[in-house]
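Working notes, structure below.
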Amino acid sequence: MHKQNIKNLSIKEISLIIEELGEKRHRKTQLLKWLYQKRVNSFHDMTNVPLDLRKKFDKLFSISALHSTKVIVSSEDNSTKFLLECEDKLLIETVLMKFKKHQTICISSQVGCSLGCTFCRTGKNGLERNLRSDEILNQVIFFKNKYIPPRKRYNIVFMGMGEPFLNSDNVFRAIEILNDLDAFALGEKRITVSTIGFPDKIIEAAKSDLKFRLAVSLNATTNSIRKKIMPGSKNISDTLSAAQKFAELKGTRTTLEYVLIKGVNDSDEDAKRLAKLTSGKPFKINLIPFNTWDGCKFSRPDEERMGKFIELLLPRAPAVTVRRSRGSDIGAACGQLSYQKGSTTDKL
Ligand code: SAH
Ligand code: SF4
């Protein structure tokens, strides 16, 4: 009999199975704690679960894990890129960034991406496949097991490979587990999902009980430029209305990411339009100086241009921050992640 991968089950599905097996409700809590807090890889290690139930679980389910095939440490800052291998040998790129008081894990939602943004390395090779919920959770488990000391604060950002909202079933199921108090117990402030912005999906998430912060990659102030550099994007006003609705329903602010690309979206007019689009709205603007990669035709504006852009933006826009991406020397900065089909990992 084919065993079901237990980390792909939602909390509701786990509860249902426990009920169907005629077990008491607290077995669900025990199971979640073993899987996601103690992070065991075998049902036999679940020592406070009766032996015959452990055997039943073992007959019905498997427990998956991810292992790294390559670790690349940045010489410039405290970031490290990890390539994690799936059963089908595809590689998931993840990045660990160490800060004084916390660590941030940048995880992927897909292998590759179908949206083809012209400035993004991930978009260049297209989509290989969606990641399953267990593969999303196992990225976090990999870091928890090896690199994050117990009780150390850590944040998760869905800013690795892929578009989370094009794999929303699996991403949402994983976030439910990340939020759950018996599992990872991560609240809204600790998880950020970055998307190019699918208004329907944003509203769906806003109305759900899922706890996470939203970041929308805006990257342009006119629909024509946005469509040119982000062919898969929707129009700006629908995207921003949904981003605003998310902030209002969740009682937070939505971050708008804006990659500054020389001669494309960094003019004085862009800065003024960006201020106008966001003024008085529940947004935070995060400017990301473009990170280059081999074969890309774009470049980063010089410091003077970025300075002028910020100067024009600041007086009217909501909070503005500049993200100095980490790990650019190891191809781990925003937009530099890629998968290479059939290649050896040494090429990366
Ligand atoms: N698909 C999602 C999440 C992954 S990309 C999204 O696009 O939001 C994470 C962030 O990296 C996005 O804000 C994206 O605009 C940015 N990015 C992509 N390529 C980049 C590059 N070359 N330099 C800087 N940031 C980049
Ligand atoms: Fe995909 Fe995001 Fe890259 Fe665009 S920026 S290609 S949506 S990963």
Side-chain angles (χ1 to χ4, degrees), residues 79 92-95 97 104-131 136 139 156-168 171 191-199 201-202 205 212-221 225-234 236 239-240 242-243 246 254-262 264-266 274 283-301 306 321-339:
S79 59
I92 305 174
E93 297 214 2
T94 55
V95 185
M97 290 164 275
T104 295
I105 313 170
C106 176
I107 63 172
S108 295
S109 56
Q110 300 181 307
V111 181
C113 182
S114 61
L115 291 169
C117 301
T118 54
F119 51 85
C120 172
R121 178 79 179 83
T122 311
K124 194 167 175 259
N125 290 352
L127 175 71
E128 191 62 34
R129 70 169 171 85
N130 280 339
L131 291 177
I136 296 170
Q139 295 173 59
I156 295 172
V157 294
F158 283 79
M159 293 185 187
M161 291 192 291
E163 168 49 49
F165 282 3
L166 286 184
N167 184 21
S168 58
V171 167
I191 303 171
T192 302
V193 177
S194 175
T195 172
I196 76 165
F198 293 95
K201 287 285 163 196
I202 292 176
F212 64 87
R213 291 213 161 144
L214 183 71
V216 173
S217 300
L218 185 63
N219 298 340
T221 58
I225 299 287
R226 190 159 195 258
K227 208 64 189 167
K228 225 181 208 164
I229 59 173
M230 301 165 75
S233 66
K234 307 283 178 212
I236 291 178
T239 304
L240 289 184
F246 186 96
T254 300
T255 298
L256 302 179
E257 295 159 291
Y258 195 95
V259 180
L260 279 164
I261 308 172
K262 185 176 178 174
V264 174
N265 62 3
D266 64 341
L274 184 55
F283 297 140
K284 286 190 271 190
I285 298 174
N286 192 202
L287 300 172
I288 314 172
F290 171 77
N291 295 307
T292 194
W293 39 272
D294 265 1
C296 181
K297 60 183 181 199
F298 297 118
S299 57
R300 176 185 291 199
M306 289 197 281
T321 52
V322 181
R323 185 191 304 168
R324 299 285 168 184
S325 289
R326 291 169 150 246
S328 57
D329 62 326
I330 54 168
C334 293
Q336 292 184 329
L337 300 181
S338 70
Y339 81 92

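Side-chain atoms are counted along with the backbone in the values below, which use heavy atoms only and exclude waters and symmetry mates. When a ligand or atom number is given, it counts from 1 through the structure's own listing order.
Close approach to E163 involves these atoms of ligand 1, each under 4.0 Å from a residue heavy atom: 1 (N), 2 (C). Under a 4.0 Å criterion applied to the non-hydrogen atoms of S217, ligand 1 contributes the atoms 6 (C), 7 (O), 8 (O), 12 (C), 13 (O), 14 (C), 15 (O). The G123 neighbourhood of ligand 2 comprises atoms 6 (S), with distances under 4.0 Å to a heavy atom of that residue. Close approach of ligand 1 to G162 (heavy-atom distance below 4.0 Å) involves ligand atoms 1 (N), 2 (C), 3 (C), 4 (C). Of all atoms in ligand 2, numbered sequentially from 1 with element shown, those under 4.0 Å from a heavy atom of I196 are 7 (S). Residue contact check: G160 has heavy atoms under 4.0 Å from atoms 4 (C) of ligand 1. Listed by atom number, the atoms of ligand 2 under 4.0 Å from L115 heavy atoms are 7 (S).
The proximity of V259 to ligand 1, defined as any non-hydrogen pair under 4.0 Å, is limited to the side chain. Within the 4.0 Å heavy-atom criterion, the part of C120 lying near ligand 2 is the side chain and not the backbone. Contact annotation: for L115 versus ligand 1, there are no heavy atoms closer than 4.0 Å.
For the pair F290 and C296, the minimum side-chain heavy-atom distance is below 4.5 Å. With a 4.5 Å cut-off on side-chain heavy atoms, S109 and L131 do not count as touching. Taking the side chain as every heavy atom from C-beta outward, Q139 and I105 never approach each other to under 4.5 Å. For the pair L166 and L115, the minimum side-chain heavy-atom distance is below 4.5 Å. Inter-residue side-chain proximity for R226 and T239 is flagged as met; some heavy-atom pair is nearer than 4.5 Å. Residues T192 and F158 fail the side-chain proximity criterion, which asks for heavy atoms closer than 4.5 Å.
Screening I288, N286, N265 against Y258 for a side chain to side chain contact (heavy atoms under 4.5 Å, CB included) leaves a single residue, N265.
Side chains of S108 and E93: no donor on one and acceptor on the other come within 3.5 Å.
Here the heavy atom of the protein found nearest to atom 1 (Fe) of ligand 2 is C113 SG, 2.3 Å. Regarding atom 4 (Fe) of ligand 2, its nearest protein heavy-atom neighbour is C117 SG, 2.3 Å.
Checked by distance only, ligand 1 and E257 come closer than 3.5 Å through their nitrogen or oxygen atoms. Polar contact check, R121 against ligand 1: no nitrogen or oxygen pair lies under 3.5 Å apart. Between P164 and ligand 1, no pair of N/O atoms sits closer than 3.5 Å.
Using a 30° and 60° split on the angle between ring planes, F246 and F212 fall in the tilted class, from 30° to 60°.
Between T122 and G162, the closest heavy-atom pair is CG2-N, 4.0 Å. Scanning all heavy atoms of the two residues, the minimum distance from K227 to S233 falls at NZ-O, 2.8 Å.
For C296, the heavy-atom gap to ligand 1 stays at 4.0 angstrom or more. Taking 4.0 Å as the cut-off, F298 does not count as a neighbour of ligand 1 on heavy-atom distance.
Across N219, T195, I288, I229, heavy-atom proximity to atom 15 (O) of ligand 1 is greatest for N219.
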